[in-house]
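What you see is a predicted model; the values in this text were computed from it and never measured.
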Amino acid sequence: MPQLPQQSFDNKRLWTRLRDGIIQTVWGPPPPSKAKSTRPCTSSTSPPSTLLARYGGDVVLRFKIQTAEEAQALAEATHVLFLDVWEFNNEWVDIRLSKDVVPSLLGLLPPSLQRAHTPLMHDLAQTIFESYPSPTLHALSPSSREDHRAFTPDLRTSPDETNIFFRNYQPLSVIVPWMRLLQSLFPTHVRMINIGISYEGRDIPALRIGVHPTNSEKPLGPRKTVIIMGGSHAREWISTSTVNYVAYSLITAYGKSKSMTKLVEQIDWIFIPTINPDGYVYTWENDRLWRKNRQQTNLRFCRGVDLDRTYGFEWDGHSSRNNPCSESYSGEGPLQGVESRRFMDWMKNETESNNANIIGFLDFHSYSQQVLYPYSYSCSSTPPSLENLEELAIGLAKAIRISSGQIYGVTSACEGSVTDKSKGNKNREVYPRIESGGGSALDWLYHEMRVRYAYQIKLRDTGSYGFLLPAENIVPTGKEAFNAAMYFGKYLLGQKGFELEEDLIRPETGHRGASSGNTTPVSLEVKLPAEEEPHDQDGPDSEESAEEVNLVDAELRRRRR
């Protein structure tokens, strides 16, 4: 039987102690076992009693909405009872609540809704406990013994699954040193920067990836910049891990792939793993399902504002439902969120003083697997560049589907609320929203900062785990997001999508390129934005797939019927 190197065991013990220390600091040590066992800890370990006390009586229910009256009744009931709305879209609404509150909720709903719900999680406390980094060594299986090793980024290509950093979700105390390490290992194109200071005094760290030209004879114009952000909502750990994965993949691809190198040379990429560091730390140390930031409100016992509802464009805090105890509380006025205000100040300084031209924005959230474009605040207003927004959004979803097979829906962010499909696209009715969509980062960057291509991408899954996505999904989700982000960058540069399969990260191998060695061009063609299209071309490129173009055109026509 092959033996694990001593260094590998030491690293595993370190991560085990880190995980156990965090869990036991928050909830206390687990109850002593009556029988001693030498078997490694597994996912069957029971959560601490304090965690059971907090979440042991909670459930997550999914409601199917059929009419506007049902949507209105559910929206009002969730606000009356201060319930935690996990997700809502044009298929379903997920709500977390105590089992004791279920009768009260059903009593406020029409009879049709009382029978139109199903439980998603039967043991929420156990699922929360298992979302923290696991102390198990994957049952010490031979395959894991061979693959598991410390994080050692180098210039050699290796499967991402061997990178211990992406084996589990990581606390901020690990993420920040990891970011510094990347800066020191790749100083030619990586720099760690600070977006601002959080409410509790923490830095908001980010990575700037880019290689600036050194030709002094050629005047430098505004530098094209793309911002990729996660962690606006603290409990959405997969968004933070995904930002880190995309950053790491781009960093290590520089100099290996001609197309990836071009993206780093022509675009500054800003990666912000969590714009909400205070809330993120709080989810590790106190409450795994905390959503907001941690600033004080006018009610001492209800802290925090929803950072993605505090931006200055179409702020919607005048609603009578705007209560500090609400999970989507937007503050007493626009720009009240400390971290969102720091982010806005930083962006304005970049564009006004640092010669940055922000051309793209991707805001990672979870969950529901959707690509959303402006506007979020209302469906009554149409974005000026709607056609281009839809076209690129379809391309992003397709990049994900081709690389992993996962289906991501494409829609306007305002239609994240339930939409009546029975009336068709022409006369569709948008039901009352479960939560306000005003004051979002998506709308603010698109409208106020004139970022022409701004998207919110809701990552895996579609409800089986929700915000508690198991750690084995970190790498697959990261690969999907990386492929989408690279397609995004190529589109912004006026290039085709993935010209060769070598640009794709394959889910079965973790490497770029076709699993069979084939380098047949992939049909992921995109056309240039309208104002950048060459005037000397009579038709599409000869390599362009007519079938794929027709599919995209058909989808766009369908959306306008």
Side-chain angles (χ1 to χ4, degrees), residues 153 165 170-214 220-232 234 239-254 260 263-281 293 307 311 337-364 441 444-445 449 451 454 481-482 485 488-489 492:
F165 184 82
Q170 306 297 347
L172 191 66
S173 59
V174 173
I175 292 175
V176 172
W178 176 80
M179 296 170 72
R180 293 197 187 104
L181 179 61
L182 290 177
Q183 176 182 242
S184 64
L185 289 170
F186 304 97
T188 58
H189 55 289
V190 179
R191 185 158 62 93
M192 188 172 176
I193 62 175
N194 182 25
I195 301 300
I197 305 299
S198 71
Y199 175 80
E200 293 182 340
R202 295 182 176 87
D203 288 343
I204 305 174
L207 290 174
R208 183 190 296 272
I209 302 171
V211 177
H212 288 217
T214 58
L220 297 179
R223 177 73 172 176
K224 293 180 179 179
T225 303
V226 171
I227 299 174
I228 299 182
M229 184 172 75
S232 292
S239 69
T240 295
S241 292
T242 298
V243 172
N244 288 331
Y245 187 94
V246 175
Y248 174 74
S249 299
L250 182 60
I251 289 169
T252 55
Y254 176 71
M260 298 296 106
L263 287 176
V264 175
E265 291 176 344
Q266 297 193 8
I267 295 177
D268 268 1
W269 298 81
I270 308 297
F271 291 92
I272 309 173
T274 174
I275 197 67
N276 182 11
D278 297 345
Y280 187 72
V281 170
N293 75 348
L307 291 180
Y311 291 85
V338 171
E339 292 79 11
S340 57
R341 190 167 65 249
R342 299 286 187 269
F343 180 46
M344 289 187 289
D345 291 342
W346 174 84
M347 280 189 291
K348 289 181 178 178
N349 181 66
E350 286 292 297
T351 56
E352 296 172 2
S353 305
N354 291 337
N355 206 30
N357 175 24
I358 302 175
I359 60 173
F361 175 63
L362 297 179
D363 188 12
F364 288 135
W444 187 82
L445 269 94
M449 295 298 295
V451 179
F482 176 75
F488 187 62
L492 296 179

[atom1]-[atom2] distance between [X] and [Y], expressed to the nearest 0.5 angstrom:
| X | Y | atom1 | atom2 | answer |
| --- | --- | --- | --- | --- |
| I209 | H189 | CD1 | NE2 | 7.0 Å |
| I270 | R191 | CD1 | CZ | 8.0 Å |
| L362 | T242 | CG | OG1 | 12.0 Å |
| K348 | F343 | NZ | CZ | 12.0 Å |
| N276 | E339 | CG | CD | 5.5 Å |
| S239 | I272 | OG | CD1 | 12.0 Å |

* Asked: Where do M344 and Y311 land on the side-chain contact (heavy atoms from CB on, under 4.5 Å) test, with the steps shown first?
  -> CA-CA 8 Å; M344 289 187 289; Y311 291 85; 3.6 Å; yes
Are [X] and [Y] packed together at the side-chain level, in the sense that at least one heavy-atom pair is separated by less than 4.5 angstrom?
| X | Y | value |
| --- | --- | --- |
| M192 | V176 | yes |
| N354 | N349 | yes |
| P171 | V174 | yes |
| W444 | M449 | yes |

Has the side chain of [X] got a donor or acceptor atom that lies under 3.5 Å from a matching backbone atom of [Y]?
| X | Y | answer |
| --- | --- | --- |
| W178 | N244 | no |
| N194 | G196 | yes |
| S184 | L181 | yes |
| T240 | P273 | yes |
| N357 | K224 | no |
| R223 | N355 | no |

* To do: Scan side-chain atoms only and decide if S198 and D278 contain a donor-acceptor pair under the 3.5 Å cut-off.
  => yes
* With R180, which residues qualify under salt bridge (Lys or Arg N to Asp or Glu O under 4.0 Å), at least two apart? -> none
Indicate the atoms forming the closest heavy-atom contact of [X] with [Y], along with that distance.
| X | Y | result |
| --- | --- | --- |
| A247 | L207 | CB-CD1, 4.3 Å |
| G210 | D268 | CA-OD1, 3.7 Å |
| I359 | V226 | CG1-CG2, 4.1 Å |
| V451 | F361 | CG1-N, 4.0 Å |
| G360 | L492 | CA-CD1, 4.1 Å |
| A234 | Y280 | CB-N, 3.6 Å |

* Asked: Under the salt bridge (charged side-chain N to carboxylate O under 4.0 Å, His left out) criterion, do E350 and R208 qualify, and how do the steps go?
  -> CA-CA 12 Å; E350 286 292 297; R208 183 190 296 272; 2.9 Å; yes
* Does the pair F186 and T252 meet the rule for a side-chain contact (heavy atoms from CB on, under 4.5 Å), with working shown? -> CA-CA 9 Å; F186 304 97; T252 55; 4.0 Å; yes
* Given I227 and W269, is the side-chain contact (heavy atoms from CB on, under 4.5 Å) satisfied, shown in steps? -> CA-CA 6 Å; I227 299 174; W269 298 81; over 6 Å; no
* Between I204 and I275, is a side-chain contact (heavy atoms from CB on, under 4.5 Å) present by the stated rule, with each step listed? -> CA-CA 6 Å; I204 305 174; I275 197 67; 3.8 Å; yes
